[in-house]
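Given the structure is predicted, the values throughout are model-derived calculations rather than measurements.
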Amino acid sequence: MNPVLEASHVCHTYPDGTQAIRDVTFAVAAGESVGIIGANGAGKSTLLLHLVGCLFPSEGTLTVGGIVAKANTVTAIRQQVGLVFQNPDDQLFMPTVQADVSFGPRNQGLTEEEVRLRVRQALDAVGELHLLERPPYRLSGGEKRAVSIATVLAMEPDILVLDEPSAGLDPTARRKVIRLLRGFNHTRIVASHDLDLVLEMCQRVILMRAGQVIADGICAEILRNAQLLSDCGLELPLSLQACPVCNPVPCGRT
């Protein structure tokens, strides 16, 4: 495996002394779809902030595309990694969808013609080109999520990092987002409490507890391990929980 992202014994301690992640080591290959799961306080958000250069390791090293993440390489890191925030309202701040999606490419120094092309391609990729002139505050939750993804796609990153991509969505919008994300060829790293989404989207799962990696392996195997999940403050995905009406097959059987 030739990793596009590699964490080696990464630790991070906040100024108040809180050790948020401890000795985290993993590698991600090009094209992989990796879920990062864990209960609240497990260290998922801190880890995501490292992946996009908002935080840097207190100890250990993080490498993205062969570049070691540190203060003087953050621009190069962010050209390769795009983060979709948990709350779309944190990502959409311009008067129109077009202005929001063009913000990143324009700040990359592209010509106006290149920016326009990037905007149309990104919105077309998420199926929302018709929203070009709409103000973000008039979008539905699902439309906001799709446009947020488009703002990142327009910058053409190699790696997509998504924080709780199904948060706040109704079932129809959630299903649309899952189909959308599954269709991408990017390397994808998804942090979520929605374990059914992770089960559908990801080939591999990294399970965290108290800032450490507890398990790293095949998604279906880890998400079927009820005892392991329980030890980390999680439950089986709903689709794997035995139900006499909708899922009479006991957990662990196929």
Any side-chain donor-acceptor pair under 3.5 Å between [X] and [Y]?
X: T46; Y: Y14; result: yes
X: E164; Y: H193; result: yes
X: T63; Y: E6; result: no
X: S166; Y: D194; result: yes
X: R118; Y: Q108; result: yes
X: E221; Y: N225; result: no
X: T111; Y: E114; result: yes

Measuring from C202:SG to I222:CD1, what's the distance to the nearest 0.5 Å? 11.0 Å
Would you say [X] and [Y] are hydrophobically clustered, going by side-chain heavy atoms of ILVMFWY under 4.5 Å?
X: V147; Y: F103; answer: no
X: I189; Y: L49; answer: no
X: V74; Y: L5; answer: no
X: F56; Y: V81; answer: no

Let me see the working for R188 and E32 under salt bridge (Lys or Arg N to Asp or Glu O under 4.0 Å), right down to the final yes or no. CA-CA 6 Å; R188 287 157 292 166; E32 268 197 293; over 6 Å; no
Heavy atoms of other groups near Q203 CD, more than 12 under 6.0 Å: yes
Are there more than 12 heavy atoms of other residues, nucleotides or ligands under 6.0 Å from atom CG of N185? no
Between [Y] and [X], is there a salt bridge with N-O shorter than 4.0 Å?
X: D163; Y: K44; value: no
X: E200; Y: R179; value: no
X: K176; Y: E128; value: yes
X: R138; Y: E143; value: no

With [X], the side chain to side chain contact (heavy atoms under 4.5 Å, CB included) member among [options]:
X: P237; options: L197, L195, V198; value: L195
X: V64; options: Q80, H50, R78; value: Q80
X: V161; options: T187, L48, V34, I36; value: L48

Residue pair L92 / Y137, side-chain heavy-atom distance below 4.5 Å: no
When you measure from the side chain of T13 to the backbone N and O of T18, does any donor-acceptor pair fall under 3.5 Å? no
Whether the side chain of D216 engages the backbone of I206 through a donor-acceptor N/O pair (distance < 3.5 Å, no angle test) should be reported. no
